[in-house]
J.: 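Pasting in a structure now, in structure tokens, and then I'll have a few things to ask.
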Amino acid sequence: MPEFSLPPQYDAGSVEGPLYQQWLDAGIFTARVDSPRQPYVIVMPPPNVTAVLHMGHGLNNTLQDAIIRFERMRGREALWLPGTDHAGIATQNVVETQLAREGKTRFDLGREAFVQRIWTFVNATGSTILEQLKTIGSSCDWTRTRFTLDPALSRAVREAFVRLWEEKLIYRGHRVIHWCPQSLTALSDEEAEFHEINGHLYYIHYPLADGSGQVTVATTRPETLLGDTAIVVHPKDPRGAPYIGKMAKLPITGIEIPILADESVDKEFGTGFVKVTPAHDANDFEVGLRHHLAMPLVMTEDGKMGGAGSGERVPPTLAGLDRFEARKKIVKMLEAQGLLAKVESHQHAVRRCYRCDSIVEPRLSDQWFVKMKPLAEPALEAFRRGELKFVPERWETTYTLWLEGIRDWNISRQLWWGHRIPVFTCTKCKHQWADRVDPAACPQCGGPVTQDPDVLDTWFSSWLWPFSTLGWPDATPDLARFYPGHTLVTAPEILFFWVARMVMSGIHFLKRPPFSTVYLTGTVRDTKHRKMSKSLGNGIDPLDVVRLYGADALRWTAIAGVSIGSDLILDPDDLEATFAPGRNFANKLWNIGRFILSQLPERVPAIDAIDRKMLTLADRWILSRCRATIETATRANEQFRLDEAAKLCYEFVWGDLADWYVEAVKPRLGPGSPAYAVLTYCFDTALRLLHPVVPFITEALWQKLPGRKPGELLAAAPWPAPIAGAADAQADAGFGRVQELITAIRGIRAEYRISPKTRLTAALTSRTAQAYDAESETVTRLAGLETLTLGPVPKGVGAHAVLKDGSDVFVALDGSIDVTQECKRLSLDRDRLDKQLAGLSAKLSNESFVSRAPAEVVAKERDKEQAWRSQLGALNDKLKALGCA
RNA sequence: GGGCGAAUAGCUCAGCUGGUUCAGAGCGCCUGCCUUACACGCAGGAUGUCGGGGGUUCGAAUCCCUCUUCGCCCACCA
């Protein structure tokens, strides 16, 4: 016997760290360029460099890790490439907030010092989240960790920009964009999120210039009236006819604006008259273009009334006021002048900055745009050709609809943290171009040049991630070997931001989509179905979970607790209910291992060295179950049904192996027993199958199994293949009957409150014979019997049970039997069966069923009917014998 | 306004191509057990008109329609 000193409780905390270190030391997470294996690549959605691990990361990265570990074990050259995103606005905001606490702004520091300050911050804290990912077992290739602002990735960004520029896909657009007055930058359509608010609809009178009356408009944003340059009405609206062509006077400033006809007006809404503010509303901008209107800005970049050029349009009483203060004041002024007709409450959507939540201000400005149609088309075609699939499939429509309606992408941000836009302008000859290297002088006239002050949208670097991380634009060995990758696992929130754009860039720059499967996860929510977030205070810190329950427990809940793509609901107020199942399962594995290890001799023969003739029914049964589990779990994993695979293995380990096989085999463990090989094989297999889900506990145990070579790691071990000849339907059925018999006797024991210590006498009249006697010792022991006799039921008082095949069980119960209760119990059984049988018979005598249902189904039902009849007959006999029929 | 998803035991969820021992799991609950691997355990047990209503079918938790309730995404009615 080997020395045996494992404690009865698995201590994840002391085991996980060293195991992770073993994996790192062995270098098994490092993908090799020169191996003969087929690659399998997952690129990690790079978390923000400022992020700390939350449950969303926990879920997402656990899934990725389980997939990559599965593929690694299946013999693929697995690459899971980690990294972080510089997260332009988010990171800049964090450091600006720090500065604000010192009473400073970024303008006090100046661009260079400010960027330096961010770098200092990022260098100090930027690897936090990656370190945290290690604690949950993430098997990333840390030798390939990337950051979107690494020199190599910045070069890729610049290359991509210049190429698009050269292809004329980048242009300067003068239009109304989403402007965040807090972050002081433009945003893309995707970065300005819609939120419903309960606002107001203000009805405002605009007097006619000729004094002949007034028109009334409805608006949600009265403050913008200062920038109005027209009023429009639908050409077919009879209410408008008398006014079209006249001039109206703006309230407050008295500026005169024309009343025009425009088809874009919805006659049903408001008064039919619409005020037009071309510089502060995207629709109005379009109207302005059609009618060649002036487009004055009346707000500053930080959302205050006024600003350069607003001159006479913003009176001194309003200038400098915040836009929402100004709104209140203007409403008061209108009221005072009798120009406010009415105010209605009005629910409508406003856009907010996705980073700071400020209400976005539409604002006319000049920005760089990418022309997206030419990029979107190939991305749609690739999908239609089947080069890309989504799991779950329902996201396919979302993907295609977005690409079909794609709009140009505003990529310039008025920030300092990020990739500076490589557009240069000659101050002398005004030549403008994009360049891969910073030019010293204008290539056309030799004049001095200036660079565009803005930086690129963070997502402009993210969309290159699957290949910029592999060395593109250089033709590196990594790029050749690991592009395109295979599976992308991410949250649906960034389907447009990131996923669709990666597909577009991958196809555009490398002719292939960067991955073939997009697995979209669900969202982590609390029991009230609210998204877990710091601001709501309903979060669960994954590191707390790791500390209290172990990383495997966290992973178990993340994988087994949720089916493909559905939300993961966790209870922050009941961590025990949420994470104990995984911990308990790990502990169960630990104790099965403890038991097995305490029994095994030094050397255990391989399973294929065992002569099948030496095996008992129980042996053949567990091997058959083991084989089935390998097959079903493998298939489930292949289909990304990780929850399904996990539960199948759980059932095998706990339900079959621990509850039945280990108990059945105990007395047979002795020198020369083939049971050693069976037990070891099954446990070893289970550990392999479970490794992707619970890598730590499985690794810890697997290394202790006999026959391990030094340094051998489960994480790098092969995935199990079903052994030939293990499938055994007879054993499945035979041991199934044994289980049924034992359960029936245990049931009787529980019902009659017989102490577990009392040995009972039982008799079995078997209708299908065999099987029971093959495992009679098992039955005797596990059912707590003194003896089990096979043959006719003896006379005497006792409890009865009838098995599925009609076999008859009798348990002698001397004085303690209660005939009334026994009758009740058996009649309940009988009634249930009777009812089922009635239904079944009706079905079988139904002409249309017999003729229309497949013959197979009918035959199955016939067999079933026969079995039930026999069972029912036996029950009736019992009842009659007891005199209670 | 358009699109998508969900509704199954007290809670969190499975139930894949429709076939009565598939109405299931975990947690919780009830009963009995520290049976020398495990009380983070063992054995036994209760609990559900599978959201409502129609339909298709020999047969529906499973397919179709509709209603209700929740959630998400998209959208230029100010």
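Every heavy atom of this structure was used, including side-chain atoms; hydrogens, water molecules and symmetry mates were not. We name chains A, B, ... by the order of the sequence lines, and we start the count at 1 in each one.
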J.: Can you tell me the base-pairing partner of B:C27? Count Watson-Crick or G-U wobble geometry only, both distances below 3.5 Å, and say none if there is no partner.
T.: B:G10
J.: Indicate, yes or no, whether a donor-acceptor pair under 3.5 Å links the base of B:A37 to the side chain of A:Q9.
T.: no
J.: Choose from B:A75, B:U20, B:G44 the nucleotide whose nearest atom is closest to any side-chain atom of A:R407.
T.: B:A75
J.: Do A:E740 and A:T743 get their side chains close enough for a donor-acceptor pair, meaning under 3.5 Å?
T.: no
J.: Can you tell me the base-pairing partner of B:U57? Count Watson-Crick or G-U wobble geometry only, both distances below 3.5 Å, and say none if there is no partner.
T.: none
J.: What does B:G48 pair with, Watson-Crick or G-U, if both distances are under 3.5 Å?
T.: none
J.: Write down the distance between CG (A:L760) and P (B:A43), rounded to a whole number of angstrom.
T.: 17 Å
J.: Please give, in whole Å, the distance from B:G19 C1' to A:R862 CZ?
T.: 15 Å
J.: Taking any strand in view, what nucleotide pairs with B:G41 in a Watson-Crick or G-U wobble way, both distances under 3.5 Å?
T.: B:C33
J.: Which base sits across from B:C70 as a Watson-Crick or G-U pair, both distances under 3.5 Å?
T.: B:G5
J.: Establish, from distance only, whether the side-chain atoms of A:E576 and A:Y549 form a donor-acceptor pair under 3.5 Å.
T.: yes
J.: When the P atoms of B:G5 and B:G32 are considered, how many whole Å apart are they?
T.: 49 Å
J.: What integer number of Å spans the C1' atoms of B:G26 and B:U8?
T.: 15 Å
J.: Hey, does A:D643 reach any base, or is it just sugar-phosphate, or nothing, if we go heavy atoms under 4.0 Å?
T.: nothing
J.: Pick base, sugar-phosphate or nothing for A:T743, based on heavy-atom distances below 4.0 Å to the nucleic acid.
T.: sugar-phosphate
J.: Around atom CD of A:E404, are there more than 12 heavy atoms from other residues, nucleotides or ligands closer than 6.0 Å?
T.: yes
J.: Round to the nearest Å and state the distance from A:L575 atom CG to B:G26 atom C1'.
T.: 17 Å
J.: When both hydrogen-bonding distances must be under 3.5 Å and the geometry is Watson-Crick or G-U wobble, what is B:C16 paired with, if anything?
T.: none
J.: Just by distance, no angles: are the side chains of A:D11 and A:S14 close enough, under 3.5 Å, to form a donor-acceptor pair?
T.: yes
J.: Can you figure out which of B:A78, B:G44, B:C73 approaches the side chain of A:T398 most closely?
T.: B:C73
J.: Pick the closest RNA chain B nucleotide for A:H346 and for A:D189 by heavy atoms, then say which residue is nearer the 5' end.
T.: A:D189
J.: Taking the C1' atom in each of B:A39 and B:U31, what is the distance between them to the nearest angstrom?
T.: 16 Å
J.: Please answer whether the main-chain N or O of A:E196 pairs with a side-chain N or O of A:H348 as donor and acceptor at a distance below 3.5 Å.
T.: no
J.: If you pin A:I596 and A:W402 to their nearest nucleotides in RNA chain B, which one's is more 5'?
T.: A:I596
J.: Could you give the distance separating B:A61 and B:U17 at their C1' atoms, to the nearest angstrom?
T.: 16 Å
